[in-house]
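For the numbers below, each heavy atom of this structure counts, side chains included, while hydrogens, waters and symmetry mates do not. Throughout, a chain's letter reflects where its sequence line sits, starting with A, and its residues are numbered from 1. Since the structure is predicted, the reported quantities are computational estimates derived from the model, not experimental observations.
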2 protein chains.
Amino acid sequence: MRAALELFTEQGYDATTVNEIADRAGLTKTTFFRHFRDKREVLFAGQDTLIRLLTDAIDAAPGPATPLEAVSAALDALTAAFTDDRRDVGARLRPVIAGHTELQERSALKRAKLAEAMTDALHKRGVSEPTASLAAELGIRAFYDAFDQWADPASKRTLTELTRRTLDELRTALAALD
Amino acid sequence: MRAALELFTEQGYDATTVNEIADRAGLTKTTFFRHFRDKREVLFAGQDTLIRLLTDAIDAAPGPATPLEAVSAALDALTAAFTDDRRDVGARLRPVIAGHTELQERSALKRAKLAEAMTDALHKRGVSEPTASLAAELGIRAFYDAFDQWADPASKRTLTELTRRTLDELRTALAALD
DNA sequence: GAAGTGATGTGACTTGGTAACATCACCATA
DNA sequence: TATGGTGATGTTACCAAGTCACATCACTTC
């Protein structure tokens, strides 16, 4: 993953072949594809871990918690995994993804899968549709909006703080929608 | 597009090569790629048209209309394009997409682009963030949920009716979120 | 009728991605 | 110590997606 991100920023995503990535990592193309489904995935791996963070936190939320409270707890658990030393990785990742449609596609689906996982976890708590998915999508949206701010090197706050604040803003904007 | 959908349902998406699609359409692989960015796109073409329907309708909405009213008008314009004779196309499309991650990715991005276009159109009306994008995303979600129902051959209602009803349900669920 | 234009075909090429088989390190147990 | 199993990697060959340069052909326009 490090080799890939280096090469992508050095030469661009398109100009980098999987063979080059594997070479720099001291491996072979075949081995690369044993670890990543395709060339894109090297930038998005580790999703299962994130999903587990979200769903475990929702499972562990206190019984009387409202859907949004459970989502908020899940986001706390999720964002705690993004320590400040990872901020620059996010910063280098963002422009690469922004410049390539195929990467945006992967990103869009990953996002949807995160929301879906959280939706399912809410269902297990007895939250019905469409409440569950609306709460989940709102939470994921807050996370992504906050991530964008966090990836900016100028930002000093933690991802957790930014996500909480963003979720609050979205909630008040929602209340004023009608 | 017809040739591709036929072959996909006959032999499966993976087992169908672009050469086969082009052959059945009486064309060449090269010509295929002049019309579609890649193999997936043959199932998703025509998005520009849909975007124009949405944005034109929002531009044309009366000045005092609220964001959600403008979105609702846009959805009416959009869904009017899906006449009942297209219902079976949607029905055949759905399982193919559901069975292939690469197609779900494309679908997820298309959906995001529709919401983005509507968001921009709302900005032009003076609607600010995050109200604009929340209204747009809610509308697109209503459209996709309704489309799923509409693609079911058992359903007898028009896509416009289904979308209006779904949007209403989402709004009431939102109001009860807190 | 000549020149321009747009859509298509041809053939060669790169690279992402897969599959079959071989190798090697490591570990367990007889 | 030897034997065999297991998991990760390498080797090789292959297929199909996608690109490119060039040729062709129909059709328009002056």
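With hydrophobic clusters built from ILVMFWY side chains whose heavy atoms lie under 4.5 angstrom apart, A:Ile140 does not share a cluster with B:Leu109.
In terms of modelled atom types and a separation under 3.5 Å, the side chain of B:Asp88 and the main chain of B:Ala91 share no donor-acceptor contact. Between the B:Gln47 side chain and the B:Lys110 main chain, a donor and an acceptor come within less than 3.5 Å of each other.
For A:Arg157, the CZ atom sits in a loose shell: 12 or fewer heavy atoms of surrounding residues, nucleotides or ligands are nearer than 6.0 Å. Within a 6.0 Å sphere centred on CZ of A:Arg37, other residues, nucleotides and ligands contribute 12 heavy atoms or fewer. Atom CZ of A:Arg2 has 12 or fewer neighbouring heavy atoms from other residues, nucleotides or ligands inside a 6.0 Å radius.
Using modelled atom types, one finds a donor on one side chain and an acceptor on the other under 3.5 Å when comparing A:Thr83 with A:Asp85. Using modelled atom types, one finds no donor on one side chain facing an acceptor on the other under 3.5 Å when comparing A:Arg164 with A:Thr79. At a cut-off of 3.5 Å, with distance as the only test, a side-chain donor of B:Ser133 or A:Arg141 sits close to an acceptor on the other residue. Residues B:Gln11 and B:Thr16 have side chains that bring a donor and an acceptor to within less than 3.5 angstrom of each other.
For the contact set between residues 37-48 of chain A and DNA chain D, defined by any heavy atom under 4.0 Å, there are no members. Contact check of residues 28-36 of chain B against DNA chain C (heavy atom, cut-off under 4.0 Å) returns B:Thr28, B:Thr30, B:Thr31, B:Arg34, B:His35. A heavy atom closer than 4.0 Å to some atom of DNA chain C occurs in no member of residues 97-108 of chain B. A heavy atom closer than 4.0 Å to some atom of DNA chain D occurs in B:Thr16, B:Thr17, B:Val18, these being the qualifying members of residues 9-24 of chain B.
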Quick one: side chains of residues 23-31 of chain A, donor-acceptor pairs under 3.5 Å with protein atoms, not counting sequence neighbours, listed by atom name and distance.
| from | atom 1 | to | atom 2 | distance (Å) |
| --- | --- | --- | --- | --- |
| A:Arg24 | NH1 | A:Glu6 | OE1 | 3.0 |
| A:Arg24 | NH1 | A:Glu10 | OE2 | 3.0 |
| A:Arg24 | NH2 | A:Glu10 | OE1 | 3.2 |

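Side-chain heavy-atom separations under 4.5 angstrom define the hydrophobic clusters, and the remaining members of the one that includes B:Leu5 are B:Met1, B:Leu7, B:Phe8, B:Tyr13, B:Val18, B:Ile21, B:Phe32, B:Phe33, B:Phe36, B:Val42, B:Leu43, B:Phe44, B:Val89, B:Leu93, B:Val96, B:Ile97, B:Leu103.
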